[in-house]
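First the structure, in the form of structure tokens, and then the observations on it.
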Amino acid sequence: MLLWFRNDLRLTDNPALNFAIENGVTDAIFFISPKQWQAHNLAPIKKDFIYRHALLLKHQLVELGIQLQLIEAASFDDQIDFLKANEHKQIIVNQELELNEQRRDAALKDAGVELITFESDVVVPKGLILNQSGQMFRVFTPFKRAWLSWLRQHGFNIETHPTIQSLVFEEKDLLAKIESDNFKAGAEKWPMSFQVEQTLIPMFMETKLSKYQEQRDVPSIKGTSGLSPYLAIGAISPKYLLTILLSRHPDILSEQPASAFSWLNELVWREFYRHLLFHFPNLIKGTVFNEKYENIPWQTDQKYLQAWQQGKTGYPIVDAAMRQLNQTGWMHNRLRMIVASFLTKHLLVDWRAGETYFTEKLIDLDFAANNGGWQWSAGTGCDAQPYFRIFNPITQSEKFDPQGNFIRKYLPELADIPDKYIHFPHEYIRATGLKCYWPAIVEHKAAREKALAFYKQHL
DNA sequence: TGATAATTCAG
DNA sequence: TGAATTATC
């Protein structure tokens, strides 16, 4: 038997790994697949992050007597060829959600390779949270209620093998070792998963969780957990996070206390979108969830898309957010909603273009959540906001970045603009004769009215 | 996980 | 007159 790591680069709560240990498996593989990653538009920083964690895992597995080989297989077809030719005909894996990955696994089975499959990417197994008519929920809140109720009733198992639990890692040399020129693309700023488990998660629980509800929407404050990149590559498991949360807040499945629950709520959104993709696998082919929106003639002018990508829309909160994405490979969640609304509603650009750009840039790219979020913003999605809910980028900025601290960080040219004008500085700039910022690409009120008419006409 | 204009109501 | 509420997009 062979242990095959994919989107589960971790020791803690890894059912495939546990099974391998119990059965004395000593061989493991992980594929480095540049061509496939390219086909999925994967951001360089995410490739870097994956590579680092694969190397970390290789190092950690030595302690368990398992040899992890990192194998170059350019595409999924090459992975299939490798595994068909391999001596092992039983392969232990954790299931992957996305369509290409599922097809690859199906092709392997057809070729006579037996996959021993576990599910480890969600807390509640996909397919079990259904409404009264046996369908997937189409609205988040009832899904959340059913999800919580299911967990209160059934609980969940987190299995970490005793051998793993007793391991202690001394990683001083490792961090230097995994600085690879091939992949280096900014991920070195993110701590490795073992540091996250040892330090970052306990710190977050101790110091930020009680203030999460009030601070999570403020991009100038590091009020979020910063765990999304680890969840996205499977370096940290959602069950592990819930286990720790439950140990501190035994009533969290009854939505108490409120602030801590608002964090769990975000994890439930993650589950919602993964369950959704499980039920509607074709979402990955770019289809709109709500077919009513199938034939919207989105704006095709590349100038709008490029201005948005480069952070040159003339709306400071949007431009600062896009610079954060371009410079760091990550963007605060509140800002993701603001820039997505701006691209789809103010510029009327196809949400798929924004989805792709996020994919190309984000360290924490998760297909299900990204697609779900974009369709939510565009109004085409499952439990989407109605098309007439259009974020006002100035109001949002005043609300969530009142002193402009975030804006000033990424738009230093606006550093000296008074708070009062920072959210839309054009009149102030005109009055003072400064030339420090480009004009607004569209005027809010007119763009809003245009968007309302546009959606109304094409629905 | 909105925004805005219209309307109501306290003072 | 301006805050609170409601209706509409």
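By convention in this document, chain letters (A, B, ...) are assigned in the order of the sequence lines, proteins followed by strands, and residues within each chain are numbered from 1. Since this is a predicted model, take the numbers as computed values, not measurements.
- As rounded to whole Å, 13 Å separates atom C1' of B:dA3 from atom CZ of A:F400.
- A:K445 comes within 4.0 angstrom of sugar-phosphate atoms only, judged by non-hydrogen atoms across all strands, and of no base.
- Ion pair A:R336/A:D364 flagged as a salt bridge, since at least one NZ, NE, NH1 or NH2 atom sits closer than 4.0 Å to an Asp/Glu carboxylate oxygen.
- Side-chain N/O atoms of A:H444 include none lying less than 4.0 angstrom from OP1 or OP2 on B:dA3.
- At least one side-chain nitrogen or oxygen of A:R334 sits closer than 4.0 Å to the OP1 or OP2 atom of B:dG2.
- Between A:N392 and the phosphate of B:dG2, there is no side-chain N or O to OP1/OP2 separation shorter than 4.0 Å.
- Ring to ring, A:H53 and A:F194 are not that close: their centroids are 6.0 angstrom or more apart.
- Nearest nucleotide to the A:L452 side chain, out of C:dC9, B:dA3, B:dG2: C:dC9.
- Heavy-atom distances under 4.0 Å link DNA chain B to A:E266 of residues 253-266 of chain A, given in residue order.
- Contact annotation: A:Q396 reaches the phosphate of B:dA3 (side-chain N/O to OP1 or OP2, under 4.0 Å).
- Taking atom NE2 of A:H423 as the reference point, atom P of B:dA3 lies 14 Å away to the nearest angstrom.
- Looking at A:K126, A:R6, A:K239 one by one, the single match for salt bridge (charged side-chain N to carboxylate O under 4.0 Å, His left out) with A:D121 turns out to be A:K126.
- Ring orientation note: the planes of A:H275 and A:F143 are nearly perpendicular, at an angle over 60° on the 30°/60° scale.
- To the nearest angstrom, P of C:dT8 lies 12 Å from CZ of A:F388.
- The CD-P distance, from A:E449 to C:dT8, rounds to 18 Å in whole Å.
- Between the CZ atom of A:R448 and the C1' atom of C:dT8 there is a distance of 9 Å, rounded to whole Å.
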Listing, residues 451-459 of chain A side-chain donor-acceptor contacts under 3.5 Å, not counting sequence neighbours, or none:
| unit_1 | atom_1 | unit_2 | atom_2 | d |
| --- | --- | --- | --- | --- |
| A:Y455 | OH | A:A378 | O | 2.9 |

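- Looking at A:R408 and A:D419, a side-chain N of the basic residue comes within less than 4.0 Å of a carboxylate O on the acidic one, giving a salt bridge.
- A straight line from CD1 of A:I338 to P of B:dG2 spans 9 Å, rounded to a whole angstrom.
- Atom-to-atom, NZ of A:K345 to C1' of B:dG2 comes out at 10 Å; the value is rounded to the nearest Å.
- The aromatic ring centroids of A:F137 and A:W147 lie 6.0 Å or more from each other.
- Between the NZ atom of A:K450 and the C1' atom of B:dT4 there is a distance of 21 Å, rounded to whole Å.
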